[in-house]
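Here the structure is laid out as structure tokens; the discussion comes afterwards.
In this chain, numbering begins with 1 at the start of the sequence shown. Predicted model, so just to flag it, every value in this text is computed and none were measured. These values consider heavy atoms only, across backbone and side chains, with no hydrogens, waters or symmetry-generated copies.
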Amino acid sequence: MIQQHNRFALRVLHWVENFGLGIILLATLVAGFQELRIMVDAGTVTLTDLLLLFLYLEIVTMLGLYYKQGKLPVRYPIYIAIVALARYIILGMKEMDEWRLIGVAAAILMLTLGVLALRYGHTRFPYPEDGTDGE
């Protein structure tokens, strides 16, 4: 009986997860097309526009990896955060005081060091091939 409830709960969670991922994909595609329309209407492409499109592409790539592998690499949201912070600096550089700029740059550095630590740990201490965590 408990096993039947567990299977039902897993099916419901799987459905909710796929529904949520579908909504994220749809919203990302809509936002990307809206941004393209804004660039076409303006007749110009700026670096901030390109970074925003890159963010959308990273989100789509992250969703694709999740569907392909069934798990989400932790690095991808960190990459997205780094690009988002770089875009924040580019957009607000003129109005930003030096302490805020140093703080955002420090955040980018910390995220970059986090990715480096994750990559080092993954190559130095790889996961077992069967997907278990060794326990």
Side-chain angles (χ1 to χ4, degrees):
M1 186 71 154
I2 292 176
Q3 203 172 25
Q4 186 178 10
H5 286 303
N6 286 346
R7 277 186 275 156
F8 176 74
L10 285 175
R11 272 188 268 146
V12 168
L13 286 173
H14 185 69
W15 185 86
V16 168
E17 181 180 47
N18 283 328
F19 181 74
L21 290 172
I23 292 204
I24 291 169
L25 177 61
L26 181 65
T28 303
L29 292 174
V30 167
F33 283 119
Q34 286 175 342
E35 182 63 25
L36 282 173
R37 188 169 156 204
I38 290 170
M39 287 187 300
V40 168
D41 289 345
T44 185
V45 178
T46 65
L47 180 60
T48 57
D49 295 331
L50 292 175
L51 287 174
L52 188 57
L53 289 176
F54 185 72
L55 285 171
Y56 295 144
L57 183 62
E58 284 293 319
I59 292 169
V60 171
T61 302
M62 188 172 61
L63 292 170
L65 278 174
Y66 184 81
Y67 275 118
K68 210 180 292 182
Q69 298 176 353
K71 57 186 173 185
L72 179 65
V74 175
R75 295 186 326 265
Y76 276 85
I78 298 174
Y79 294 150
I80 292 170
I82 291 169
V83 173
L85 287 171
R87 185 176 184 275
Y88 175 73
I89 288 175
I90 292 168
L91 279 175
M93 188 179 293
K94 292 178 183 159
E95 298 85 29
M96 208 179 287
D97 66 355
E98 57 274 352
W99 288 108
R100 182 175 300 262
L101 183 62
I102 289 171
V104 175
I108 292 172
L109 177 64
M110 288 173 31
L111 288 168
T112 304
L113 291 174
V115 168
L116 182 63
L118 285 169
R119 292 294 297 150
Y120 176 77
H122 188 255
T123 55
R124 184 86 167 121
F125 309 105
Y127 298 116
E129 290 299 319
D130 62 2
T132 63
D133 61 3
E135 293 181 16

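Looking at Tyr120 and Leu116, their side chains never come closer than 4.5 Å, going by heavy atoms from C-beta outward. Gln3 is not listed as a side-chain neighbour of Phe8, based on a closest heavy-atom distance of 4.5 Å or more. Looking at heavy atoms from C-beta onward, Leu36 lies in side-chain contact with Leu53 at the 4.5 angstrom threshold. Residues Leu10 and His14 fail the side-chain proximity criterion, which asks for heavy atoms closer than 4.5 Å. The closest side-chain heavy-atom distance from Met39 to Thr44 is not below 4.5 Å.
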Could you give me the CA-CA distance, side-chain angles and deciding distance for Tyr88 and Met93, then say whether side chain to side chain contact (heavy atoms under 4.5 Å, CB included) is met? CA-CA 8 Å; Tyr88 175 73; Met93 188 179 293; over 6 Å; no

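Other members of the hydrophobic cluster containing Trp99, listed by chain and number, are Ile102; membership follows side-chain contacts under 4.5 Å among ILVMFWY residues, whether direct or relayed.
Follow the hydrophobic side-chain contacts under 4.5 Å out from Ile80 and you reach Leu50 in the same cluster. Residues Leu85 and Leu47 fall within the same hydrophobic cluster, defined by Ile, Leu, Val, Met, Phe, Trp and Tyr side chains chained together at heavy-atom separations under 4.5 Å. Note on Trp15: it clusters hydrophobically with Val12, by side-chain heavy-atom contacts below 4.5 Å among ILVMFWY residues. Cluster membership for Ile78 and Ile89, using ILVMFWY side-chain heavy atoms within less than 4.5 angstrom, is shared. Both Met62 and Leu118 belong to a single network of hydrophobic side chains, linked directly or stepwise wherever heavy atoms of I, L, V, M, F, W or Y lie under 4.5 Å apart.
Within 6.0 Å of OH on Tyr67 lie more than 12 heavy atoms contributed by other residues, nucleotides or ligands.
Ring-plane geometry between Tyr76 and Tyr79 is classed as perpendicular, the angle between the planes exceeding 60 degrees on a 0 to 90 degree scale with a lower cut at 30.
Interatomic distance, CZ of Arg75 versus CG of Leu111, reported as 14.0 Å (0.5 Å rounding). With values rounded to the nearest 0.5 angstrom, Phe54 atom CZ is found 11.0 Å from Ile59 atom CD1. From Leu63, atom CG reaches atom OG1 of Thr28 across 6.5 Å, with rounding to the nearest 0.5 Å. The line from CD1 of Ile82 to CG of Leu55 is 11.5 Å long, rounded to the nearest 0.5 Å. Note: Leu91 CG to Leu52 CG = 8.5 Å, rounded to the nearest 0.5 Å. One distance of note links CE of Met96 with CD1 of Ile90; it measures 10.0 Å at 0.5 Å rounding.
Between the side chain of Arg87 and the main chain of Leu51, no donor-acceptor pair closer than 3.5 Å is present.
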